[in-house]
Amino acid sequence: MNRHDRSTVSIVSAITLIVTVGGVVSASEMLHIGSPMPPPEWALLEQALLRANEDASERFFDRYFDDQGFALCVERWGGDDGPDDASESFGNWPLLHALGASDAVLERYKKGWEGHLRQYTLARTTEVPLAREGMYFREFPTQFDWLHHTEGLRPFFLQGLSDPDDRNLQRRTVRFANFYTGADPTAPNYDPEHKVIRSLLNGSRGPLLRKATALDWAGDPIEVEGRFALRHGERSFEEMLAHFKDYTNIIGDHPQNLASTTLSLNGFMLTGDEAFRAWVLEYVDAWVDRMKQNGGVIPSNVGVDGVIGSADGGKWYGGVYGWGFSVEVPQTGELAHRNTHSLGLIGFGNALLLTGNQGYVDAWRGMIHAVNAQKRVIDGQDRYPTMFGEEGWYNFSPSPYRSGALEVYYWSMDPEDRPLAAGSGWIEYLEGKNPDYPVFALRRDLESIRRRIRSIAEDETTPDTRLSDDILVHDPVSIDSLTELMLGGLPTGNSRPVLHARLRYFDPERRRAGLPPDVAALVEGMTADSVTLTLVNLDPTTDHRVEIQGGAFGEHRLRSVRVGDRVISVTGETVSVLISAGCGHQLTIEVERYNRPPSLRFPWDRP
């Protein structure tokens, strides 16, 4: 090192890398970076977005929830405006905290979640038999479908990212998971002999094994005109019933039910109990076998006997929310195509996390190709089907069938799958083709918050003219850009209730998940075995230490870290980076994906 280099390093002492095993520093090697980093625009925008989300969540919560955490709305059961919409309204808040937002965000979520469980345990129907003794039983919906269960459980599914030691979280996760593993005889949803969840409507009171009625789905009679503006557009309770008049054939298994595996995934990641892992794989593998029997396409009806289509006259495409489920919209008389098999992808992703077996990705990719192989030329243009009925494939679209396409590419990182992710500005950015994407995406989410805050201010509803989904539409928290850019992750939502990410961060000084205050992170590139990451400390006076983990749950092993021309081999679970005040640098991290058991334990709590 020449004299000039020594002088620069002594002033800056920029970044220290420390390999840690089980949260304990076992070996270290210093890498001094001799130049500070002026605050990049993306880093300032990340910090602004975190703070804006914090403030917006407080404004939202104060308007729509009371001191008990109860939602200030008319409590109802049903598919339009039931309990799920109330808790979905803070769906991404635990992840916001896990990115580095203030502890107040997590506290607000927990207050709302505890209040939600109490509120809807006390809430009862008068006409609908499914919830006359309480919409929730044992703190879980009594009997409903996983389209709605997933929406309502969104924040609960993410809570472990920030709060894995919470005893209520642990107890509830085990209890809820065992409603589906067969370990709880009071909720016999799962038949281990035939490897089926026995009904589309299931929950803490077990499966509904009769035909459903429109009332089961729509909820108790309610005044509509002049009081509520229903989000499905119905103008009367009669139209609400008409909306659900064909939602009858719910006996047997449906791909939606694969979303239930998220409970056992979290059970495994919180407790390490192999029984949860084994059940997820048993159930997902059964669906993989059914796809093989059905020409590569996941069936939407499996009877209680485990036979494809046996609950609907042999129709593999049958049942509510099936491949052939096209129903009339009562207000217009038009057909609506409501095929929700895509929720099954959740289970395939959960199995991948637990095993690293790319066979689950292969199965879903195979279905995408199988459906697109049914394309037709209509009016001189290629058209691709999205539905299947008695006369074969129908509802053709100009766009190829792409359900789960982005996930398939993200999970495989196979160049041959790259066309499946066409149109993603984020993927193009990672490939160096869209350099303005970070600033664009962060500004987009800031604007989303501004719009939602304006909508809250302009909302003229009162608690007695407001339904749960009237609250949901005002949720201002917008973190998709942060998930992509900070973590190299797929944004979470109703169809992605589990975080899939290349990296995650922890603050060892505050002993919590997320980046330390004033530290920003940008994933600038990803390949199958590497991540390019820039870290910057915007604080001009204080050094900060960050723990970098491979994957959302430690499922990716970090093999080495390069800073400039120096490389550190990594043999432990995480890498610790000490960033001096006002400094930052680009790191290249080599990874081995999906080769470690996923866990929700923080780095310093692992054995």
Side-chain angles (χ1 to χ4, degrees), residues 137-138 140-146 149-150 153 157 171-210 249-294 298-312 316 318-321 341 343-355 357 359-360 363 498 597-598:
F137 174 62
R138 300 175 72 190
F140 195 89
T142 55
Q143 289 175 319
F144 223 57
D145 67 305
W146 270 93
H149 286 333
T150 302
L153 289 166
F157 285 152
R171 282 193 291 264
R172 286 168 180 154
T173 298
V174 170
R175 182 192 316 138
F176 298 170
N178 282 331
F179 292 158
Y180 293 91
T181 62
D184 187 338
T186 69
N189 293 297
Y190 183 67
D191 176 357
E193 179 184 355
H194 297 107
K195 299 180 177 59
V196 294
I197 291 176
R198 299 191 295 157
S199 175
L200 180 70
L201 297 188
N202 53 72
S204 56
R205 291 195 181 274
L208 185 66
L209 295 176
R210 61 164 170 81
N249 191 5
I250 50 82
I251 296 173
D253 212 347
H254 185 284
Q256 271 194 28
N257 288 331
L258 281 159
S260 69
T261 61
T262 305
L263 293 168
S264 281
L265 170 69
N266 281 340
F268 174 77
M269 294 194 296
L270 286 169
T271 69
D273 187 339
E274 283 288 335
F276 291 124
R277 179 181 183 276
W279 179 77
V280 172
L281 302 183
E282 175 181 285
Y283 186 49
V284 177
D285 287 348
W287 278 101
V288 172
D289 288 342
R290 290 163 193 153
M291 292 174 76
K292 292 176 181 176
Q293 296 172 42
N294 199 50
I298 197 166
S300 60
N301 181 270
V302 177
V304 293
D305 56 2
V307 176
I308 294 173
S310 68
D312 195 0
W316 67 264
V320 175
Y321 287 133
H341 73 279
L343 287 174
L345 182 65
I346 295 169
F348 285 66
N350 292 342
L352 174 67
L353 285 169
L354 288 167
T355 64
N357 183 352
Y360 297 110
V498 176

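- Side-chain atoms of N189 never come within 3.5 Å of backbone atoms of Y180 as a donor-acceptor pair (strictly under, hydrogens ignored).
- The structure places OH of Y321 at 9.0 Å from NE2 of H254, a figure rounded to the nearest 0.5 Å.
- Annotation: Y283 is in aromatic contact with Y190 [ring centroid separation under 6.0 Å].
- A heavy-atom distance below 4.5 Å is not found between the side chains of L258 and I346.
- Counted by atom type alone, D285 and Y360 present one or more donor-acceptor pairs between their side chains at under 3.5 Å.
- Listed here is the closest heavy atom pair of N202 and N257: ND2-OD1, 3.1 Å.
- Nearest approach of V196 to G306, heavy atoms of both residues: CG1-CA, 3.9 Å.
- The minimum heavy-atom distance linking D312 with G318 is given by the pair OD2-CA, 3.1 Å.
- P299 and M291 make their closest contact through CD-N, 4.4 Å (heavy atoms, listed as atom of the first residue, atom of the second, distance).
- Separation of atoms OG (S199) and CG (D145) is listed at 9.5 Å; rounding is to 0.5 Å.
- When all heavy atoms of L209 and R198 are compared, the closest pair comes out as CD2-O, 3.6 Å.
- To the nearest 0.5 Å, atoms CD1 (I298) and NE2 (H341) are separated by 7.5 Å.
- With values rounded to the nearest 0.5 angstrom, L281 atom CG is found 5.5 Å from L354 atom CG.
- The CZ atom of R210 lies 7.5 Å from the CD1 atom of I250; values are rounded to the nearest 0.5 Å.
- Inter-residue side-chain proximity for S260 and F176 is flagged as unmet; no heavy-atom pair is nearer than 4.5 Å.
- Side-chain contact between L208 and F144 is absent, with no heavy atoms from C-beta onward closer than 4.5 Å.
- Looking at heavy atoms from C-beta onward, D184 lies in side-chain contact with R138 at the 4.5 angstrom threshold.
- Summarising the geometry of S264 relative to V280, their closest heavy-atom pair is CB-CG2, 3.5 Å, with the distance given to 0.1 Å.
- Atom CG of N350 and atom OG1 of T262 lie 4.0 Å apart (nearest 0.5 Å).
- Using a distance-only test at 3.5 Å, with no hydrogens or angles considered, a donor-acceptor pair links the side chain of Q143 to the main chain of P207.
- Taking the side chain as every heavy atom from C-beta outward, F157 and N266 approach each other to under 4.5 Å.
- A donor-acceptor contact shorter than 3.5 Å is absent between the side chain of D253 and the backbone of V302.
- Here the side chains of V304 and D191 are not in contact, with every heavy-atom distance at 4.5 Å or above.
- Contact annotation: the side chain of L153 approaches that of F140 to within less than 4.5 Å [non-hydrogen atoms, C-beta and beyond].
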Quiz item: Can V307 and H194 be said to form a side-chain contact (heavy atoms from CB on, under 4.5 Å), step by step?
Solution: CA-CA 9 Å; V307 176; H194 297 107; over 6 Å; no
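- Between the S204 side chain and the P141 main chain, a donor and an acceptor come within less than 3.5 Å of each other.
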Practice problem: Show the numbers, then the answer: is there a side-chain contact (heavy atoms from CB on, under 4.5 Å) between W146 and L200? | Solution: CA-CA 8 Å; W146 270 93; L200 180 70; over 6 Å; no
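- Using a 4.5 Å heavy-atom threshold, the side chains of T261 and W287 count as separate.
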